[in-house]
Visitor: 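I have a structure here, written as structure tokens, and I will follow up with some questions on it.
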Protein chains: 2
Amino acid sequence: MSDNKTSQDTRERILDVAERLFMAHGYEGTSMRMITGDAEVNLAAVNYHFGSKEALLREVFRRRLAWLNHERLHELDALEAEAGGAPLKPSQVLEAFFGTLLRMGENEALGGMTFLRLLGRTLTEPADFIRTFFAGEYAEVIERYKLALFRALPDVPKAEIIWRFHFMLGAMSYAIAGTDILQVVTGCELGDLSGEKAGERNAAKQLAARVMPFLLGGLRAPLPQFEGDAYQQQEMPLPKTA
Amino acid sequence: MSDNKTSQDTRERILDVAERLFMAHGYEGTSMRMITGDAEVNLAAVNYHFGSKEALLREVFRRRLAWLNHERLHELDALEAEAGGAPLKPSQVLEAFFGTLLRMGENEALGGMTFLRLLGRTLTEPADFIRTFFAGEYAEVIERYKLALFRALPDVPKAEIIWRFHFMLGAMSYAIAGTDILQVVTGCELGDLSGEKAGERNAAKQLAARVMPFLLGGLRAPLPQFEGDAYQQQEMPLPKTA
DNA sequence: GTCTATATGTGGATAGAC
DNA sequence: GTCTATCCACATATAGAC
């Protein structure tokens, strides 16, 4: 507690800079020298404080995901307590899951849009250690929300719900990560969201207003038609996590 | 045409291997030595045939996107000719755009699911030269489909259509790229799609049956509600491409 | 066209002084 | 805790023999 202050500051500064650079250039595209240079700390500081570049990335995420996971579980608990045993509405489940995420984007203390973009992009990083890490960090929350969606949509086959959960994650991740990517592809400006004029808070709010109806529309879309009993074969996937 | 055969084989073998490795490990995570080693060609062969690693990546995509772009434009032309001036149905536009893509996944000669996964993942690669390249390759096709969607959904604000186009691209990219990613996150098997038992062709068909209703449901979802005239401010984005 | 050998740069990590 | 100096593996790219 005496000279810890400088040390804590160094740690936090490294994490903040790493978060921003990993977002902008990807894991492999960001070097330790870029990070320590921008953070104005010594090259050896990362290894001293975190042990390795991989461990640094994990810590960048752990810092934020601790809050996100807790908040997502808390929101779901609150909704289910309020419902008193009755199934939730699909819109409530989505609001708890994605609304919590988007609220992080409005709060600079929680990483703001920088962390949201990093999260969206990192989910597609192919490195094994990253995939393994995310699987562990997300498992509990995903399991809880999966069950909530099963109860909210009792007439929809569970396999279909899981597929659509994937699609929603994808749409959301791209929407977030791509506030500057996809408008290049489509060659269009997207109102205030891309510019700085309206600020980060507005960006997250705009995005939420746009994406939530889309997700709900997709989740509740008519079921696909299969020939014969193809659907039966897809029924009831077994969760890996007991 | 005399001893060209060996040379052409070398080129193609490099492209095939690069496609697979870029898909599995990303651009930065794949070294020239990995590529030339797997392709069983000399280390210098890549630079001889393609000039650089960046140029190799571009060629990997050009080879496939030439077909995809042509086919997407052709499908749209055919539908519009058939409609004789009347607007298309949203489902027709989606079928032409995403159906064409998914049909590549069933055809090994066009890269199959390997290329589809590579495409989905590469769209989020942050490297500048990759983003620039994709912007150029996609511009014409995206512009045509954007206009087709505007006509297909005359009551939906153009800005909202563009947003939803983004969301659809995201959902599709993740669904494709994540046939092995997202099931880690959700901790669930996804029927035949993940395994090899049913083959690549079936994987693309399964995915199509699942994702198309989702996309259509999202595209046609009720419009979001904004307070006051927030919507007006977002109206009529100006395409960068004249 | 293919190969060997090598130029030249950068990566992550660490030992040891302060 | 911080810093310098350095190790060493590996990256892309190329020059020049065959």
Visitor: Do any side-chain nitrogens or oxygens of S31(B) fall under 4.0 Å of OP1 or OP2 in dC10(D)?
Guide: no

Visitor: Working to the nearest 0.5 Å, report the span between CG of D16(A) and CZ of F115(A).
Guide: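 Atom-to-atom, D16(A):CG and F115(A):CZ are 12.5 Å apart.
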
Visitor: Between P on dG1(D) and CD on E12(A), what's the gap in Å once rounded to a whole number?
Guide: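 In whole Å, dG1(D) P lies 14 Å from E12(A) CD.
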
Visitor: Figure out the CE/C1' separation between M32(B) and dA13(D), and round it to whole Å.
Guide: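 From M32(B) CE to dA13(D) C1': 7 Å.
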
Visitor: As a test of reading the structure: which of dC3(C), dT4(D), dG1(D) is closest to the side chain of Y48(A), going by heavy atoms?
Guide: dG1(D)

Visitor: Can you check whether Y27(B) and F129(B) have ring centres sitting under 6.0 Å from each other?
Guide: yes

Visitor: Kindly point out which of dA13(D), dT6(D), dT4(D) is positioned nearest to the side chain of R33(A)?
Guide: dT6(D)

Visitor: Of the listed nucleotides (dA13(D), dT2(C), dT4(C)), which one gets closest to any side-chain atom of H49(B)?
Guide: dT2(C)

Visitor: For the side chain of N42(B), starting at C-beta, report the closest nucleotide among dA13(C), dT4(C), dA13(D).
Guide: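 Given the options dA13(C), dT4(C), dA13(D), the side chain of N42(B) is closest to dT4(C).
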
Visitor: Taking side-chain contact (heavy atoms from CB on, under 4.5 Å) as the criterion, tell me which of D77(A), I142(A), L65(A), T100(A) meets it with R72(A).
Guide: T100(A)

Visitor: Taking the side chain of T10(B) as heavy atoms from C-beta outward, which of dG1(D), dA13(D), dT2(C) is closest to it?
Guide: dT2(C)

Visitor: What does T30(B) touch in the nucleic acid at a heavy-atom separation under 4.0 angstrom: a base, only the sugar-phosphate, or nothing?
Guide: sugar-phosphate

Visitor: Taking the side chain of N47(A) as heavy atoms from C-beta outward, which of dA13(C), dC3(D), dG1(D) is closest to it?
Guide: dA13(C)

Visitor: Measuring from E40(B):CD to R13(B):CZ, what's the distance to the nearest 0.5 Å?
Guide: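 These two atoms lie 7.0 Å from each other.
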
Visitor: To the nearest Å, give me how far apart CG (L43(B)) and P (dC10(D)) are.
Guide: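 It is 14 Å, rounded to the nearest whole Å.
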
Visitor: Measure the distance from CZ on R13(B) to C1' on dG1(C) and round it to the nearest whole Å.
Guide: 13 Å

Visitor: Without decimals, in angstroms, what is the distance between F129(A) CZ and dG12(C) P?
Guide: 11 Å

Visitor: Between dG1(D) atom P and Q8(A) atom CD, what is the distance in whole Å?
Guide: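 Spelled out: CD on Q8(A) to P on dG1(D) is 9 Å.
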
